[in-house]
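Structure, as structure tokens:
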Amino acid sequence: MKVQNVCVLGATGSIGESTLDVISRHPDRFRVHALSAYSRIDKLVQQALASGARVVVVPDDAAAGHFRALWPAGTPTPEIRVGAQALADTAADTEVSTVMAAIVGTAGLPAALAAARAGKRVLLANKEALVAAGGLFMQAVRESGAELLPIDSEHNAIFQCLPEDAGRERAPREPAKGVRRLLLTASGGPFRTMALDALHDVTPEQACAHPNWSMGRKISVDSATMLNKGLEVIEAHWLFSMEADRIQVVIHPQSLVHSMVEYEDGSILAQLGQPDMRTPIAYGLGFPERIDSGVGLFDLARMKTLDFEPPEPGRFPCLSLAYEALRAGQSSCISLNAANEVAVDRFLAGGIRYTEIPRVIGECLERLDGVRCMPRTLEDVLEQDRHARAVAAELCTLRA
Ligand code: NAD
Ligand code: MG
């Protein structure tokens with residue numbers, strides 16, 4: 001068995017941690033080459049010690065100094081690299097075979113794209129990379145022959161439910177034959193049944209308390225607004241070459257069915273499992289083999305019921321905004337994603353109310369509606385992203 005040399009981008013986050021947990025169960029299969037972190041340098045030190053990482057990537061010299069100061073004397077120090085360019089270079093390093101792209105937000109795009117361009121096995125958790133630059137990203141996968149495996153649980157489920165030949169096609173140009181629709185499940189988040197007028201007063205802590213999944217703060221808020229599901233519709237569009245009308249979202253509060261594929265003959269294939277990201281992560285790491293993820297037995301008898309219901313548009317306006325952006329094109333998807341990142345940051349910092357998040361995104365999309373030009377390069381994408389962020393920041397200030 002060939003040992004995979006893994007680079008974990010965003011190692012200190014929720015997905016990064018779960019990835020290192022799975023890797024630690026298979027020392028014969030994986031070696032940790034590099035780890036990156038933006039903050040929580042103490043945690044990075046512990047992870048580098050435990051995994052034997054050869055390289056660590058941190059954002060600036062202060063973080064590098066902090067890392068050195070915390071590193072135990074007498075133990076060989078990993079190579080410390082600094083900055084965003086070093087992050088992209090490390091993801092493309094010839095020594096790396098597999099890259100886990102688990103940075104949150106558009107900040108993760110340049111390094112994820114570098115891994116795709118370098119033809120790596122790319123385990124993609126960073127959905128914002130596909131939302132902002134789906135066309136460029138999939139083109140890079142096609143041109144380099146990279147092996148793209150979706151880690152987002154819904155897309156991983158769909159990947160598992162597609163016919164083998166379609167599943168093996170890493171960047172399809174058309175939908176898999178015989179598939180009618182993709183059915184994306186959503187938990188509905190913590191506010192699925194809350195009175196609509198109470199949403200005005202919800203706190204960041206309430207929004208981050210997801211009923212089934214334990215995740216980073218940004219994606220937790222996205223799950224509450226269901227903008228997360230909107231980003232996932234766009235992600236599914238790119239991964240499976242499926243138009244918006246053939247991607248349906250259904251609320252499934254138990255989070256046990258992770259998504260489904262509906263075929264022309266009426267068959268529906270679903271993937272089930274506990275809500276634990278180590279399952280899709282192990283699928284991607286071990287592909288095409290199945291390896292232990294540390295997830296225990298699933299007790300069907302305790303499951304009792306599986307409920308499904310349509311999302312209420314009045315409760316989840318962000319979902320419709322995402323469909324609109326997908327239909328409008330790449331520039332609108334960049335605006336949607338950038339405005340959301342800014343609005344969620346402000347909400348988490350106590351700067352705007354929860355109910356302002358969809359308003360900021362909607363207004364930002366309207367204001368930038370005329371500026372639709374197809375981004376052709378990474379620089380174009382980042383430029384449009386910066387512009388949308390500036391507009392969204394101004395809108396947040398007006399609504400504070
Ligand atoms: P998190 O907030 O727990 O971790 C984010 C990681 O990115 C951290 O290591 C952080 O240091 C790093 N980071 C943050 N800002 C950065 C920057 N500007 N530059 C470089 N690194 C930076 O997030 P998470 O929940 O692990 O999510 C990571 C990604 O995976 C997101 O795109 C999310 O949508 C996706 N995802 C997460 C889950 C989940 O269960 N957590 C499920 C599906 C998809
Ligand atoms: Mg998901």
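Order of appearance sets the numbers: ligands from 1, and atoms from 1 within every ligand. Numbers for residues simply follow the sequence, beginning at 1.
Only protein N, O or S atoms were considered, and those under 2.8 Å from the Mg ion (ligand 2) are Asp152 OD1, Glu154 OE1, Glu232 OE2.
Among all non-hydrogen protein atoms, the one lying nearest atom 18 (N) of ligand 1 is Ala107 CB, 3.3 Å. If you check which protein heavy atom lies closest to atom 9 (O) of ligand 1, you get Thr12 OG1, 2.8 Å. Atom 5 (C) of ligand 1 has its closest protein heavy atom at Val104 CG1, 3.7 Å. In terms of protein heavy-atom proximity, atom 43 (C) of ligand 1 is closest to Asp152 OD1, 3.0 Å. What sits closest to atom 17 (C) of ligand 1 on the protein, heavy atoms only, is Tyr38 CD1, 3.3 Å. Of all protein heavy atoms, the one closest to atom 28 (C) of ligand 1 is Ala102 O, 3.4 Å. At the top of the distance list for atom 25 (O) of ligand 1, counting protein heavy atoms only, stands Gly216 N, 2.9 Å. The nearest heavy-atom contact from the protein to atom 29 (C) of ligand 1 is Ile103 O, 3.7 Å.
Contact of the Lys120 side chain with the Thr98 side chain is not registered, since no non-hydrogen atoms from C-beta on lie closer than 4.5 Å. Contact annotation: the side chain of Leu124 approaches that of Leu148 to within less than 4.5 Å [non-hydrogen atoms, C-beta and beyond]. Here the side chains of Leu184 and Val233 are in contact, with some heavy-atom distance below 4.5 Å.
Between Phe30 and His26, the ring planes lie perpendicular to each other; the angle is over 60°, past the 30° to 60° tilted range.
Taking a cutoff of 4.0 Å between a charged side-chain nitrogen and a carboxylate oxygen, Arg81 and Asp89 do not qualify as a salt bridge. Ion pairing between Glu205 and Arg217 holds under the 4.0 Å rule for side-chain N and carboxylate O. Classification of Lys218 and Glu128 as a salt-bridged pair holds, one side-chain N sitting under 4.0 Å from a carboxylate O. Glu394 and Arg399 are not joined by a salt bridge, as no carboxylate oxygen comes within less than 4.0 angstrom of a charged side-chain nitrogen. Salt bridge Glu17/Lys43: present, at least one basic N to carboxylate O contact under 4.0 Å.
Residue-to-ligand polar distances place Gly13 within reach of ligand 1: an N/O pair is separated by less than 3.5 Å. For the pair Leu87 and ligand 1, the shortest N or O to N or O distance does not fall below 3.5 Å. Residue Met277 has no nitrogen or oxygen atom sitting less than 3.5 Å from a nitrogen or oxygen atom of ligand 1, judged on distance alone. In terms of polar-atom proximity, defined here as any N/O pair under 3.5 Å, Ser214 makes no such contact with ligand 1. Here's the thing with Ser36: none of its N/O atoms is less than 3.5 angstrom from an N/O atom of ligand 1. Backbone and side-chain nitrogen or oxygen atoms of Ala37 are examined, and none is located within less than 3.5 angstrom of a nitrogen or oxygen of ligand 1.
Each of the atoms 11 (O) of ligand 1 lies under 4.0 Å from some heavy atom of Ser39. Residue contact check: Ala125 has heavy atoms under 4.0 Å from atoms 30 (O), 32 (O), 35 (C), 36 (N), 44 (C) of ligand 1. In summary, the atoms of ligand 1 found under 4.0 Å from a heavy atom of Ile15, numbered by their order in the structure, are 26 (O), 30 (O), 37 (C), 38 (C), 39 (C), 40 (O), 41 (N), 42 (C).
A donor-acceptor contact shorter than 3.5 Å links the side chain of Ser241 to the backbone of Arg173. Formation of a donor-acceptor pair under 3.5 Å by the His252 side chain with backbone atoms of Asp307 is found in this model. Without hydrogens or angle criteria, Arg54 side chain to Ala34 main chain gives no donor-acceptor distance under 3.5 Å.
Surrounding CD of Glu174 are at most 12 heavy atoms belonging to other residues, nucleotides or ligands under 6.0 Å away.
Only the side chain of Ile219 comes within 4.0 Å of ligand 1, counting heavy atoms alone; its backbone N, CA, C and O stay farther away. The backbone and the side chain of Ser14 each have at least one atom closer than 4.0 Å to an atom of ligand 1 (non-hydrogen atoms only). The side chain of Glu128, and not its backbone, has at least one atom closer than 4.0 Å to an atom of ligand 1 (non-hydrogen atoms only; side chain from C-beta on). Here Met215 has heavy atoms under 4.0 Å from ligand 1 in both its backbone and its side chain.
The distance from the NE2 atom of His66 to the CD1 atom of Ile80 is 11.5 Å, given to the nearest 0.5 Å. Rounding to the nearest 0.5 Å places CG of Leu87 at 11.0 Å from OH of Tyr38. The line from CG of Leu256 to OG of Ser187 is 11.0 Å long, rounded to the nearest 0.5 Å.
Ligand 1 lies out of reach of Lys218, whose nearest heavy atom is not under 4.0 Å from it. By the 4.0 Å heavy-atom criterion, Gly16 is excluded from the residues contacting ligand 1.
Between Phe159 and Phe240, a ring centre-to-centre spacing not shorter than 6.0 Å is recorded.
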